[in-house]
Amino acid sequence: MKKKWVLFFALVIALFTGATMTGTTAHAASDDSLAQVQKKGTLVMGTSPDYPPYEFQATVHGKTKVVGMDVAVGEKIAKDLGVKLEVKSMSFDSLLVALQTGKVDMVISGMNPTPARKKNVDFTHTYYQGGYSIVINKADKGIYKNKDSFKGKTIGAQTGSTMYNESKKQTTDTTVKGMTSVSDLILGLQSHKLQGVAMEKPSAEAYVSNNKELASIPSDFDLSASDTSASVAFKKGSTSLVAAANKSVDQIKKQNLVNKDYLPAAGKYLKTNTVNTSMLHYWKAFLKGVEYTLIITVCSVFFGFILGVLLALARMAQGGPLMTGLRWLATAYVEFIRGTPMMVQVMFVYFGLGLVVNLPALMSGIIAISLNSGAYVAEYIRGGINSVDKGQTEAARSLGMSRGYTMRYVVLPQALKNIWPSLGNEFITLIKDSSIVSIIGVSELIFQSNIVRSDTYRGVAPIAVIMVLYFILTFTASRILNFFERRMQHD
Amino acid sequence: MTKPIIEVKNLAKNFGDNVVLKNITEQVNPGQVIVVIGPSGGGKSTFLRCLNLLETPTSGEVDFNGENLTTLDPKRVNELREQMGMVFQNFNLFPNMTVLENIKLAPMKVKGIDDTTAPKRAHELLKQVNLDDHADAFPGSLSGGQAQRVAIARALAMDPKVMLFDEPTSALDPEMVGEVLNVMKELANQGMTMVVVTHEMGFAKSVADRVWFMADGFIQENNTPESFFSDPQTERAQDFLSKILM
């Protein structure tokens, strides 16, 4: 038994190092980054669109799109390179990973070129020099003056951001709480879970001007220039691309385009954004969420079921060494999948597998969830097969039916009927668990609701809406499942 | 002398340390009706199940029509199993299929008979066991006697050369035993080769060509029913017969 595990871990480690090595060889390859981008004709920009006025979602002529000064910077770079810009949204934490694994060509997301980041990616010159502010509730305006006023209190900052690290470093006796999205932080502030939220000055001003309950105070953080500046990040070693982008960035700086054009333009979107914040106005965004949630769930259930049947059969394989090996492999798979979080699996498929083949986020999500669901379904099916009376197999075999036919025509249909309620449960769980793929930027319900939240500056209403939507989905699904369950009752 | 259809040579079967069958050598000729009787736990069912390899013998051989089942590849064993119908104590009908579907499944999937011929044949068999009006019923709605008759029809649908019966009436209410035994008698009259494990002494007396008395893992006595019931040769058989109500 022990030996088996050693072997198993060796396999896993081999898999990981294999993946890393492919990554490094890709790096070491001669720099044709610029030529490649020009060849494919598009420049893919990764950004976390919950950070107005840098980047955020706005409804333009009934269509939701990412706007903001960073997008304007991205457009300028793309235009100067003579290619089309494509904007990919994902959480801030995932941006650099996406860059390293080639999911995006560049990252523009109000990102500071810190020394730590510079080790992993290449930055252009800075295109914007900002500063930090702390957003507080207007009612507390007299109490807090700067970062030092929060002794015994809690400050929030976006996880993985410079503000988060600096808040931790430069405050004493202050709890620093990290959250993924700024709209969550603002919600935390308004519900008094946080007393202040550290963010970049332009963002702070955007929030304050859009919400009368909020006020902004200077942070007084001691910062080097690189901590408050924003740069465009490229994959390590793409010198030619960085050089090309620097030309655009230098122009932006020279002509003061950010302050003159980009910021005012972004401000206009912010205004149109707050005109109509009713949830009904965003029905298209929610509909898209429902659509993707359904696509992910239905595909994953389908492939997960097929995989589950195969795994269950493999786990029950008997015979020579080949069958024993098959059984062992299937058992190891099921144990491994059940023993690791689905979120990690989703990230591994998207980013890890991304080093070998570049899969789109939606497909990665479906693959990851199918792989996960297959392991659980396999166990249900195995239990279902064991629950079918041995006499059924004997009767079928005595009629001359082969092992395979017996399984297919006699045992599996009965097993399926026995485990139908469990399978239904799995289906409904999948509808809900599909929300995990929001971390890799698939626009399913959770992802869409986050967009609506940062769009409207309303924290709770979108959550309530998707809660109802999820319930409608799961309730409908369970009605349909019950219908089929009744149809299978014969005795 | 006719060639035996089933020939058992030095058959033995252990379940772990538990010795169930010891060194059995017997044969069944075409057209013969063999009734295997004996005390419970004597290995009767295991013996019967070794004949179509539902149990794998520990040693010895089982020949069907001259082919040694224990050395054949699984595919050939499947083909030979078609020719040995089996009826179980608990019917083992497929509960998710109608009576008709139960009967036509194996002929269609194994023999490749089409969906117009197979049901026709199934209806004929159902008429033979007096159940044609239940063709579309599900097994759950049948009485034990009806279910067992369907099971017999299902086995017959493969046109077997031999029928094996494993205590076909033991799970039935007493008033239903007769209807099943009648079907079996009729089958015997038609010349079917049968090996029947049963406690129905009346059936053994009136239908069997030979009675095999089995106890402690081997066949203690192989006799005609007349001599076996009136003048058993072994002490074990005498003891057994004295204990059952005749």
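First the proteins, then the strands, lettered A, B, ... as listed; each starts at 1. All figures in this text were calculated on a predicted structure; none of them were measured in a lab.
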Practice task
With a 4.5 angstrom heavy-atom cut-off, could you sort out which part of B:Leu93 is near chain A: side chain, backbone, both or neither?
Solution key: backbone
Problem - Which portion of B:Phe88 sits near chain A, non-hydrogen atoms under 4.5 angstrom - result: side chain
Practice task
Taking atom types as modelled, find out whether B:Asn52 and A:Arg397 have a side-chain donor-acceptor pair closer than 3.5 angstrom.
Solution key: no
Handout entry: Within 6.0 angstrom of A:Tyr380 OH, more than 12 heavy atoms from elsewhere
Key = yes
Practice task
Find the one option among B:Met86, B:Arg81, B:Lys111 whose heavy-atom pairs under 4.5 Å with chain A are most numerous.
Solution key: B:Arg81
Practice task
Can you tell which part of B:Met158 gets under 4.5 Å to a heavy atom of chain A, answering side chain, backbone, both or neither?
Solution key: side chain
Exercise for the section: Examine whether an atom of B:Arg154 lies under 4.5 Å from a heavy atom of chain A, and if so say whether it belongs to the side chain, the backbone or both; otherwise answer neither. Expected result: both
Problem - From CD (A:Glu394) to CG (B:Leu54), nearest 0.5 Å - result: 5.0 Å
Completion exercise
Output for pair (B:Asp166 CG, A:Ser398 OG), nearest 0.5 Å, gives 11.0 Å
Handout entry: Between CG on residue A:Leu399 and CG on residue B:Asn102, distance to nearest 0.5 Å
Key = 9.0 Å
Practice task
May I ask you to check whether over 12 heavy atoms, not counting those of A:Phe427, lie within 6.0 Å of atom CZ?
Solution key: yes
Problem - A:Tyr409, part contacting chain B, at a heavy-atom distance under 4.5 Å - result: both
Practice task
Take atom CZ of B:Arg76 as the centre, draw a 6.0 Å sphere, and report whether it contains more than 12 heavy atoms from other residues, nucleotides or ligands.
Solution key: yes
Problem - Donor-acceptor under 3.5 Å (B:Asn92 side chain, A:Gln392 main chain) - result: no
Completion exercise
Output for pair (A:Ser402 OG, B:Lys109 NZ), nearest 0.5 Å, gives 12.0 Å
Handout entry: Interatomic distance, B:Asn96 atom CG to A:Lys417 atom NZ [nearest 0.5 angstrom]
Key = 7.0 Å
Exercise for the section: Quick one: pull up NZ in A:Lys390 and CG in B:Asn90 and give me the separation to the nearest 0.5 Å. Expected result: 12.0 Å
Exercise for the section: Decide if atom CD of A:Gln318 counts as having more than 12 heavy atoms of other residues, nucleotides or ligands within a radius under 6.0 Å. Expected result: no
